[in-house]
Chemist: 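Take a look at this one; I'll ask things after.
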Protein chains: 2
Amino acid sequence: MNRPRPRLKDIAASTGFSTNTVSLALRGSPLVTDETRQLIEEAAAKVNYQPNEIAKSLVQRQSRSIGLVLTNITNPILTHTAQAIETMLSKRGYSTLFATSDNNVENEIQALDALQGRRVDGILIFPADHHRLAHIERLNNFHLPTVLLASAPGATLDVVSVKERQGARDATIHLIQLGHTRIGIIDSGHWMGNAQKLQGYLDALAQAGIASDEALIIKKSGYSPNLGREAMDELMAAKDQPTAIFASNDAFAFGVLDWCRMHGLAVPEDLSVIGFDNIEFSAYAATPLTTVGYDPKELAGLAVERLLYLIEQGDAQTAPLFQQIDLEIVLRKSTGPRRENQS
Amino acid sequence: MNRPRPRLKDIAASTGFSTNTVSLALRGSPLVTDETRQLIEEAAAKVNYQPNEIAKSLVQRQSRSIGLVLTNITNPILTHTAQAIETMLSKRGYSTLFATSDNNVENEIQALDALQGRRVDGILIFPADHHRLAHIERLNNFHLPTVLLASAPGATLDVVSVKERQGARDATIHLIQLGHTRIGIIDSGHWMGNAQKLQGYLDALAQAGIASDEALIIKKSGYSPNLGREAMDELMAAKDQPTAIFASNDAFAFGVLDWCRMHGLAVPEDLSVIGFDNIEFSAYAATPLTTVGYDPKELAGLAVERLLYLIEQGDAQTAPLFQQIDLEIVLRKSTGPRRENQS
DNA sequence: ATGAAAGCGCTAACAG
DNA sequence: CTGTTAGCGCTTTCAT
């Protein structure tokens with residue numbers, strides 16, 4: 001059973017045709033007779049012939065593979081996006097090489113090098129650091145189509161992301177409409193997030209005529225409930241405590257909920273909390289989480305379409321496109337009206 | 001800025017050496033003078049030379065890439081495993097091509113074909129269906145090292161997985177020790193699970209002299225809290241209701257917790273529930289979930305080591321190795337002693 | 001210590 | 001319609 005993989009040449013030899021004819025036949029060229037095609041197909045099937053895509057890639061100068069670079073996959077919304085991307089790409093005949101940067105620019109550079117070495121036809125990337133994009137933008141020098149999956153400030157690349165600023169604003173407005181004026185934000189700092197969410201939060205406050213307070217703005221780098229708990233320690237140390245919290249991702253929000261459980265605060269009676277991302281689990285949290293969500297498939301679809309378009313364009317330079325999808329608030333149980341007696 | 005990618009030949013031309021010398025120099029061969037190596041390295045750096053791994057793969061007949069096939073990535077424990085795999089592989093100089101079968105054998109076959117076409121050096125796979133492995137086992141015909149990431153009954157392939165049966169037995173024993181005798185199981189049917197967990201559950205019951213009851217055994221195919229809820233509808237319809245539930249994955253357990261919340265049952269006072277996998281969020285569930293967990297990195301490490309070993313072995317046939325890692329119960333709040341007045 | 005030639009498995013002209 | 005030739009970018013004998 002242990003044979004070496006059959007080549008075009010082998011099936012050429014066994015059928016008596018030339019490798020060229022075999023190649024054409026197998027690719028369904030109209031130039032070859034039905035009769036010979038049939039012969040060739042049979043011979044190919046008999047030995048379980050599978051074309052060597054590597055050889056094909058070499059001669060065609062395209063690998064029909066793309067690179068997907070993620071920061072890390074502890075955030076389920078990213079993995080859903082990743083899976084959707086892979087599925088769509090696979091339907092279009094592309095393989096996906098994946099790599100993780102773990103939010104580290106050095107790793108990211110290495111990953112990009114490896115992908116370039118493998119001559120991927122394009123790259124989809126969640127950047128590790130929204131302020132260090134030079135190594136990504138440099139990909140353009142080699143005509144390597146790239147789309148960013150997060151809106152980085154001043155990027156000269158194509159972007160497909162979510163309307164973070166607007167989503168954050170809507171979340172904050174939701175809290176304001178419930179009567180809250182002391183609203184804390186736990187922002188994810190500059191990676192996995194730029195200043196967009198913070199901006200949206202400030203927009204909402206300004207619009208409602210509420211002064212922002214530095215003591216209510218906490219930055220945490222990472223994605224973990226622990227960070228949410230830590231942030232709460234700081235937030236609730238303020239003299240004038242917040243009555244509502246906007247957590248810039250659901251993991252932070254879980255940390256907040258847990259902090260409340262530990263400290264005997266009822267949600268939403270004593271504290272309202274709203275998250276961001278609407279990961280599947282948010283419906284099953286200690287208090288079902290109100291959060292702002294989006295459809296990862298929509299994001300994936302847009303990104304894949306755009307990337308494939310850029311690939312097909314080839315050398316024809318196209319101006320970078322900036323696309324963002326809508327978010328919407330998913331109302332559950334973790335937000336409620338501010339009570340009179342509240343702090 | 002828009003140049004084509006430099007080749008060995010180009011930097012040979014610019015330095016006056018032959019492509020062969022350049023190739024040797026860049027790979028650090030001792031055959032070439034330090035002086036010329038330096039010259040060549042400079043020239044290469046100047047044009048940002050990156051070797052074409054595709055060409056390399058073709059001539060060396062190895063791609064230094066492996067295929068990772070997942071069922072789907074809604075289960076966070078799988079994504080953690082996947083990330084750990086990618087990270088380890090990347091450290092060893094391997095790229096990872098990833099594909100998802102969505103628990104569908106047809107998709108799985110397609111994915112495997114694509115990976116073979118790309119001439120991956122090995123495959124790591126969570127099989128879609130533990131009873132349909134023929135297409136995977138066939139990979140051996142082409143010397144394609146493969147390791148299964150789930151213990152399939154009677155597989156003739158290498159396996160690295162968790163001690164599901166023992167973990168399930170331990171979980172059930174835990175409930176029995178708390179005084180429960182009416183213990184329901186929500187099993188994940190035959191994919192993403194074989195009969196191992198059910199077996200472990202039955203083992204524990206038998207060992208304690210408790211008769212098993214068909215009415216307490218529910219099978220659900222999939223990974224979603226909804227299925228847990230559905231199962232509860234069936235389970236609690238029994239005349240003699242269970243006082244404890246073993247959910248074969250954490251998502252099911254969340255569904256159970258949610259069902260309890262909807263029906264006014266207190267956990268663990270009215271019902272104990274234990275999950276499986278210990279996903280990160282289980283600590284933040286409506287009731288912090290007691291569950292049986294393992295370290296995905298350990299699983300990933302074992303799998304990668306084994307695969308790489310098989311790859312290095314080359315044609316030397318080695319008997320399939322069956323490895324399983326330990327599980328341990330993570331005690332939280334969702335299990336408690338059976339009360340006297342309980343059902 | 002360096003160069004020339006061959007070839008990995010395939011597709012792409014170009015003939016006939 | 002089918003065969004011949006060349007070449008993708010690299011490594012690998014084999015010379016020198």
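Naming: A, B, ... by sequence-line order, numbering from 1 per chain.
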Chemist: Separation of B/I11 atom CD1 from D/dC10 atom P, in whole Å?
Modeler: 10 Å
Chemist: Just N and O in the side chain of B/Y49: are any of them under 4.0 Å from OP1 or OP2 of D/dG9?
Modeler: no
Chemist: How many whole angstroms separate atom CZ of B/R37 from atom P of C/dA1?
Modeler: 11 Å
Chemist: Among residues at least two apart in sequence or on other chains, which ones pass side chain to side chain donor-acceptor pair (under 3.5 Å) with A/E305?
Modeler: A/R92
Chemist: Are a donor atom and an acceptor atom from the side chains of B/D113 and A/Q50 found within less than 3.5 Å of each other?
Modeler: yes
Chemist: Taking CZ from B/R7 and P from D/dT11, how many angstroms apart are they, rounded to a whole number?
Modeler: 14 Å
Chemist: Compute whether any side-chain donor of one residue and acceptor of the other, for B/T21 and B/S18, lie under 3.5 angstrom apart.
Modeler: yes
Chemist: Side chain of A/V32 only, heavy atoms from C-beta on: which candidate in D/dT12, D/dT2, C/dG9 is closest?
Modeler: D/dT2
Chemist: So, is A/T33 near the phosphate of D/dT2, with a side-chain N or O under 4.0 Å from OP1 or OP2?
Modeler: yes
Chemist: Quick one: is B/T36 getting a side-chain N or O under 4.0 Å of the C/dT2 phosphate, OP1 or OP2?
Modeler: yes
Chemist: Which is more 5' along DNA chain C, the nucleotide nearest A/L24 or the one nearest B/L58? Just name the residue.
Modeler: B/L58
Chemist: Just N and O in the side chain of A/R61: are any of them under 4.0 Å from OP1 or OP2 of C/dA12?
Modeler: no
Chemist: Would you say A/F142 and B/P6 make side-chain contact, with heavy atoms under 4.5 Å?
Modeler: yes
Chemist: By nearest atom, which of the nucleotides C/dC10, C/dG3, D/dT2 is closest to the A/K56 side chain?
Modeler: C/dC10
Chemist: Does B/N20 get its side chain close enough to the base of D/dT11, under 3.5 Å, for a donor-acceptor pair?
Modeler: no
Chemist: Rounded to whole angstroms, how far apart are CD on B/Q50 and P on D/dC10?
Modeler: 11 Å
Chemist: Taking side chain as C-beta onward, heavy atoms only, is B/I125 less than 4.5 Å from B/E108?
Modeler: yes
Chemist: For B/V22 and for A/P51, find the nucleotide of DNA chain C with the closest heavy atom, then tell me which residue's nucleotide is more 5'.
Modeler: B/V22
Chemist: Can you find a side chain N or O atom of A/S23 that sits less than 4.0 Å from OP1 or OP2 on C/dC10?
Modeler: no
Chemist: Is the closest side-chain donor-acceptor distance between B/R119 and B/S63 under 3.5 Å?
Modeler: no
Chemist: Taking only side-chain nitrogens and oxygens of A/S18, does any of them come within less than 4.0 Å of OP1 or OP2 of D/dG3?
Modeler: yes
Chemist: For A/N52, answer base if it contacts any base atom (sugar-phosphate contacts may also be present), sugar-phosphate if it contacts only those atoms, and nothing otherwise; contact means non-hydrogen atoms under 4.0 Å.
Modeler: sugar-phosphate
Chemist: Counting side-chain heavy atoms from C-beta on, which of D/dG3, D/dC10, C/dT11 comes nearest to B/A55?
Modeler: D/dC10
Chemist: Grab the CG-P distance between A/L31 and C/dT11 for me, whole Å please.
Modeler: 14 Å
Chemist: To the nearest angstrom, how far is A/L39 atom CG from D/dC1 atom P?
Modeler: 15 Å
Chemist: In terms of heavy-atom contacts, does CD of A/Q313 have more than 12 from other residues, nucleotides or ligands at under 6.0 Å?
Modeler: yes
Chemist: Return yes if a side-chain donor-acceptor contact under 3.5 Å exists between A/R37 and A/T33, otherwise no.
Modeler: no
Chemist: Send over the distance from A/I54 CD1 to D/dC8 P, rounded to a whole Å.
Modeler: 18 Å
Chemist: Tell me the interatomic distance from B/L8, atom CG, to C/dT2, atom P, rounded to whole angstroms.
Modeler: 15 Å
Chemist: Take the C1' atoms of the five end pairs on each side of the helix from C/dA1-D/dT16 to C/dG16-D/dC1, get both axes, and report the angle to 10 degrees.
Modeler: 40°
